[in-house]
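Data block below; observations after.
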Amino acid sequence: NKRIKVYSPQGAFLRQFVTGTNPHQIVINRSLGRIYVVELSNYLTQRVGVYDLMGTAISPRIGPYGSGPGQISTPTGIGLDGGGNVYVADVNTFSARVNKYSASGTFLLSFGSFGSFLGQMKNPLGEAGDADGNIHVADSGNGRIQVFDGNGNFLRAWGHPGSLPGQFSLPAVLRGD
């Protein structure tokens, strides 16, 4: 229904606001007073909307449609690092990558590619930053979590597909502290 609903920590409804298209995932940067929303609709309007904490749209939106540098084809996940940078997982038929944007939406870099080797991804679905400035990516198609530094260089990975201890079945969402 193209809405974000806001509740208190006790579960009381506070307010709602309308987004541009269907909200898929959100992250909140409280220090900057921004809400970033992965919005899905048809392929030409998939994007990341930026809102203030009351739900007023802030321009510009992150990532115009496309597969070039800074563009977004099919956003599948979103995360923040400790510096307020925004990471957007993006996939299409033959691509899997993570785009990094500044808190204001300026494109900074892209990393990853489609595949199963370390540093490659199949359907990245979620990202989260850590205290060291690294970004953790839920690599759903490969059943693992991969860690990259703030420049997009592969550092390490753990897990593999399965349902036993240490294995993952389609990891999807990560959130940092």
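Nothing here was measured: the structure is a model prediction, and the numbers come from that model. This chain uses plain numbering: 1 for the first residue, then up along the sequence.
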| field | Test ring pair (Phe, Tyr, Trp, His ring centres under 6.0 Å) applied to F117 - qualifying residues, sequence neighbours left out | value | none

| field | side-chain contact (heavy atoms from CB on, under 4.5 Å) against Y7, all qualifying residues, sequence neighbours excluded | value | K5, F13

| said: Can you list everything that forms a side-chain hydrogen bond (donor to acceptor under 3.5 Å, both in side chains) with N29? Sequence neighbours excluded, please. | reply: S31

| field | Residue pairs involving residues 106-126 (criterion salt bridge (charged side-chain N to carboxylate O under 4.0 Å, His left out); sequence neighbours excluded) | value | none

| Quick one: do F148 and L108 end up in the same hydrophobic cluster if we chain Ile, Leu, Val, Met, Phe, Trp and Tyr together by side-chain heavy atoms under 4.5 Å apart? | no

| message | So V98 and M121, do their side chains get closer than 4.5 Å, heavy atoms only? | response | yes

| task | Check whether any side-chain N or O of Q146 sits under 3.5 Å from a backbone N or O of G119 as a donor-acceptor pair, and report yes or no. | result | yes

| said: Which residues pass the side-chain hydrogen bond (donor to acceptor under 3.5 Å, both in side chains) test with D81, not counting sequence neighbours? | reply: N85, Y87

| query | What closest approach, in Å, do F107 and G70 show between heavy atoms, and which atom pair accounts for it? | reply | CD1-CA, 3.1 Å

| Of all heavy-atom pairs between K2 and P23, which one has the smallest distance, and what is that distance? | CA-CD, 3.8 Å

| Check: V91 main-chain N/O paired with T74 side-chain donor or acceptor under 3.5 Å | yes

| task | For residues 16-38, pull every pair meeting ring-ring contact (aromatic ring centres under 6.0 Å, His included), keeping only residues two or more places apart or in separate chains. | result | F17-Y51

| query | Which residue pairs satisfy the salt bridge (charged side-chain N to carboxylate O under 4.0 Å, His left out) criterion with at least one member in residues 49-61, sequence neighbours excluded? | reply | E39-R61

| Applying the 4.5 Å side-chain criterion to the ILVMFWY set and letting contacts propagate, would L170 and F168 be lumped into a single cluster? | no

| query | Considering all heavy atoms of both residues, which atom of I62 and which atom of G105 are nearest to each other, and what is their separation? | reply | CG1-CA, 3.8 Å

| said: Going by salt bridge (charged side-chain N to carboxylate O under 4.0 Å, His left out), name the pairs with one or both residues in residues 17-33, residues two or more places apart or in two chains. | reply: none

| request: Show the numbers, then the answer: is there a side chain to side chain contact (heavy atoms under 4.5 Å, CB included) between I72 and Y101? | output: CA-CA 12 Å; I72 298 172; Y101 302 88; 3.5 Å; yes

| query | Are any side-chain N or O atoms of D90 and backbone N or O atoms of S73, one a donor and one an acceptor, separated by less than 3.5 Å? | reply | yes

| said: Working to the nearest 0.5 angstrom, can you tell me the gap between R97 CZ and L109 CG? | reply: 11.0 Å

| field | Evaluation steps, side chain to side chain contact (heavy atoms under 4.5 Å, CB included), between I78 and I26 | value | CA-CA 7 Å; I78 190 165; I26 68 170; 6.0 Å; no

| field | Counterpart residues, side-chain hydrogen bond (donor to acceptor under 3.5 Å, both in side chains), relative to S104 (two or more places apart) | value | S102

| request: List for me each residue that meets side-chain contact (heavy atoms from CB on, under 4.5 Å) alongside A89, sequence neighbours excluded, and say none if there are none. | output: T76, P124, E127

| message | Tell me whether Q25 contacts the main-chain N or O of P75 through its side chain, where contact means a donor paired with an acceptor under 3.5 Å. | response | no

| request: Could you check W158 against V147 for side chain to side chain contact (heavy atoms under 4.5 Å, CB included), going step by step and ending with a plain yes or no? | output: CA-CA 9 Å; W158 70 87; V147 183; 3.4 Å; yes

| said: For residues L14 and I4: do they belong to one hydrophobic cluster (side chain heavy atoms under 4.5 Å, members Ile, Leu, Val, Met, Phe, Trp, Tyr)? | reply: yes

| query | Tell me, do I28 and L80 make a side-chain contact under 4.5 Å, heavy atoms counted? | reply | no

| message | I'd like to check the side-chain hydrogen bond (donor to acceptor under 3.5 Å, both in side chains) partners of T19; sequence neighbours left out, ordered by chain and number. | response | none

| said: Show every salt bridge (charged side-chain N to carboxylate O under 4.0 Å, His left out) that has at least one partner inside residues 144-159, sequence neighbours left out. | reply: D139-R144

| said: With a 4.5 Å cut-off on side-chain heavy-atom distances among I, L, V, M, F, W and Y, is there a chain of contacts connecting L125 to V88? | reply: no

| Where is the tightest heavy-atom contact between V37 and I35, given as atom of each residue plus distance? | CG2-CG2, 3.8 Å

